[in-house]
Protein chains: 2
Amino acid sequence: MPPDTKDKIVYAAMMLFAQKGYGSTSVADILHAAGVNAGSLYYFFPGKQDVLLAVLDAYLRGIHPMLLEPAWKGVADPIERVFALLAQYRRALESTECTYGCPIGSIALELHEPDPAVRQLLASNFVGWLNAIEQCFIEAGDRLPADVDRRALAVFALTTMEGGVMISRTDRTLHAFDDAVRMLRDYVNRLQHAGR
Amino acid sequence: MPPDTKDKIVYAAMMLFAQKGYGSTSVADILHAAGVNAGSLYYFFPGKQDVLLAVLDAYLRGIHPMLLEPAWKGVADPIERVFALLAQYRRALESTECTYGCPIGSIALELHEPDPAVRQLLASNFVGWLNAIEQCFIEAGDRLPADVDRRALAVFALTTMEGGVMISRTDRTLHAFDDAVRMLRDYVNRLQHAGR
DNA sequence: GTCTATAACCCGATAGAC
DNA sequence: GTCTATCGGGTTATAGAC
């Protein structure tokens, strides 16, 4: 079963949006990368923005199979899973000379007045990520103090990753990403040792 | 002394880049907002990107007078200064319905393959911010454990702010920003009480 | 230094045959 | 479903008078 045209368009757009951003990717770029003609794209999608919606939906459905499962392979401890996920983002930065970060975050900051449907899907992607990490901290149980807000801790992990990617991408160095993750690790360690 | 044409262009571009981003702001937008004609802009600047360079340079020179001094007015304690600065970003989000965040961060993620001069100025802006916050943590002296890396802590504060802005802008709610800053505050509190 | 007009180009989207 | 050709409009930047 060869990949159908629609999937080829979405996949090509996903790669291009991650590499160059949404605004800097032209429909012609997508057509060329997908090996498809304009008529086909506009047969499946009303316009460029609807391609973005399909891409964001693909990211959303891919959170578990494409993001979390690879990162968590062989890692059972819930707290280690949080840092295993961050380590996967580090590898993405490392293997692209600090060029490739989190595509959701990039698009979220690129679009200043996004269409409501786009903004909704961006938010859903963050929520999916946060739910998974919150669950890790919940599963950590009494290794963390009871009064520590698991959801807020998940948000903190996300800001650490996104902020670290932003600064590392800007100075083309992993220092900032590593500094931020190291501080988060120290914080979580101190929480684990609190009250013992 | 009326503001000269060049300054009007840079100021108008600064506002527009912050509101709509660099790519979505046309030269015509800048001309209209500045009340200036195309010939004037291209007399002072070789092109649009050079206007961006001037804007980033203005942000860099404005870090102390425009950003830090207002945030730190009446705040002497170095650690409180860190959170006073974060509170100022919160007010910017709040007063714009979570639309306006950090313009440097937005541009940093919008431009995927920035001109070296642009990337250099973005990095310098981050460095200026980090130097100031690092200095706060240094001035905190022995209120923080000696083995805590002051620079890394400053990076952590920056990722908290930038990541918090990103997520709050996306879901148009201050929850994420507040969660992240609350966690950072808890971490700093625990550091202050460590070893006592 | 400032103005108007316009060149030269690229964009997203469409039309209509097949 | 797919193809080619093209429309209409917005873009950055320039030319040349003043």
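Note that this is a predicted model, so its numbers are computed, not measured. Quick note on labels: first sequence line is chain A, next is B, and so on, each numbered from 1.
Proximity of Ser26(A) to the phosphate of dC10(C): no side-chain N or O atom is located under 4.0 Å from OP1 or OP2. One finds a side-chain N or O of Ser40(A) lying less than 4.0 angstrom from the OP1 or OP2 phosphate oxygen of dC3(D).
Here dT2(D) presents its P atom at 11 Å from CG of Leu41(A), a figure rounded to the nearest Å. The nearest whole Å value for the distance from the NZ atom in Lys6(B) to the P atom in dG1(C) is 10 Å. Atom CG in Asn37(A) sits roughly 17 Å away from atom P in dT14(C) (whole-Å rounding). The distance between atom NZ of Lys20(A) and atom P of dC10(C), rounded to the nearest whole Å, is 13 Å. Taking atom CG of Leu16(A) as the reference point, atom P of dG12(C) lies 12 Å away to the nearest angstrom. The separation between His32(B) atom NE2 and dT12(D) atom P is 15 Å, rounded to whole Å. Rounded to whole Å, the distance from CZ on Phe45(B) to C1' on dT14(D) is 18 Å. Whole-Å rounding puts the Asp7(A) CG to dG1(D) C1' distance at 15 Å.
Side-chain atoms of Ser24(A) never come within 3.5 Å of backbone atoms of Gly21(A) as a donor-acceptor pair (strictly under, hydrogens ignored).
In the set dT2(C), dT12(D), dG1(D), dT12(D) carries the atom at the smallest distance from any side-chain atom of Val27(B). Among dG1(C), dT12(D), dG12(C), the nucleotide with an atom closest to any side-chain atom of Tyr42(B) is dT12(D). Set against dT2(D), dT2(C), dT14(C), the side chain of Thr5(A) has dT2(D) as its closest nucleotide. Listed nucleotides: dC3(C), dT14(C), dG12(C). Nearest to the side chain of Ala38(A): dT14(C).
Summary of the strand contacts: Tyr43(B) and Thr25(A) both lie near DNA chain C, and taking for each the nucleotide with the nearest heavy atom, the more 5' one is attributed to Tyr43(B).
Across all strands, Gly39(A) comes closer than 4.0 Å to base atoms (heavy-atom distances).
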Checking side-chain hydrogen bond (donor to acceptor under 3.5 Å, both in side chains) for the pair Arg169(A)/Ser106(A): CA distance, chi angles, key distance, verdict?
CA-CA 11 Å; Arg169(A) 255 185 52 181; Ser106(A) 297; 2.9 Å; yes

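Using a 4.0 Å cut-off between charged nitrogen and carboxylate oxygen, Asp115(B) and Arg119(B) do not count as a salt-bridge pair.
Of the candidates Ile104(A), Leu130(A), Ile107(A), Asn125(A) forms a side-chain contact (heavy atoms from CB on, under 4.5 Å) with just one, namely Ile104(A).
A donor-acceptor pair shorter than 3.5 Å can be found between the side chains of Ser26(A) and Asp29(A).
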